[in-house]
Amino acid sequence: TTTVVNDTAAALTSNVYANGSYYLRITSGALAGVQRLITANGTTSYTVSPAFASAPLSGVSYEVVKSNIDNFGGTDTFSPGANRTLEQPQ
């Protein structure tokens, strides 16, 4: 199980997505469509909960989405560049 995913090309502000409203959604690969709540983020990483069942592989794409309760559970896409690529240690 994996709770930390890395994007070494990201230039995030620490914990900008850690307010309980943002989700990391995998958009390619075996975990496409799976999303997890972002509980913390560093400048190049995200910590999520619950853990992914398996580690997202290097090269898969992702997006950050915000839960939009004003839209009755819909989501808005917020991203450090939609469909960014994850980089995981091998």
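Since the structure is predicted, the reported quantities are computational estimates derived from the model, not experimental observations. Residue numbers run from 1 in the order of the sequence given.
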Please find the pair of heavy atoms, one from V4 and one from S45, that lie closest to each other, and give the distance.
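Where V4 meets S45 most closely, the heavy atoms are CG1-CB, 4.2 Å.
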Let me confirm one number: the CG-OH distance from L12 to Y17, rounded to the nearest 0.5 Å.
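Output value for this atom pair is 6.0 Å.
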Would you indicate whether the side-chain heavy atoms of T2 and S54 approach each other to under 4.5 Å?
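With C-beta onward as the side chain, the pair stays apart.
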For T3 and S49: C-alpha separation, side-chain torsions, deciding distance, then whether side-chain contact (heavy atoms from CB on, under 4.5 Å) applies.
CA-CA 6 Å; T3 59; S49 181; over 6 Å; no
Might you point out which heavy atoms bring P56 and V5 nearest each other, and give the distance in Å?
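The pair with the smallest heavy-atom distance is CG-CG1, 3.8 Å.
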Nearest heavy-atom neighbours spanning Y22 and L37:
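In this case the closest contact between Y22 and L37 is O-CD1, 3.5 Å.
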Quick one: does N19's side chain have a donor or acceptor within less than 3.5 Å of a partner on S21's backbone?
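Yes.
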Looking at every heavy atom in both I38 and V64, which two are closest together, and how far apart are they?
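Closest approach of I38 to V64: CD1-CG1, 4.0 Å.
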Of all heavy-atom pairs between N41 and V16, which one has the smallest distance, and what is that distance?
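Closest heavy-atom pair between N41 and V16: OD1-N, 3.0 Å.
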Would a distance-only check, ignoring hydrogens and angles, find a side-chain to backbone donor-acceptor pair under 3.5 Å from T39 to T47?
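Judged by distance alone, yes, a pair lies under 3.5 Å.
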Any sub-3.5 Å donor-acceptor pair from R36's side-chain atoms to P50's backbone N or O?
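Checked: pair present.
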Side chain to side chain contact (heavy atoms under 4.5 Å, CB included) involving S28 - partner list, sequence neighbours excluded
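S28: side chain to side chain contact (heavy atoms under 4.5 Å, CB included) contacts with V60, S61.
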Which heavy atom of T44 sits nearest to which heavy atom of A10, and what is that distance?
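Closest approach of T44 to A10: CG2-O, 3.4 Å.
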Between the side chains of Y62 and D7, is a donor N or O closer than 3.5 angstrom to an acceptor N or O?
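Side-chain D/A pair, Y62 to D7: present.
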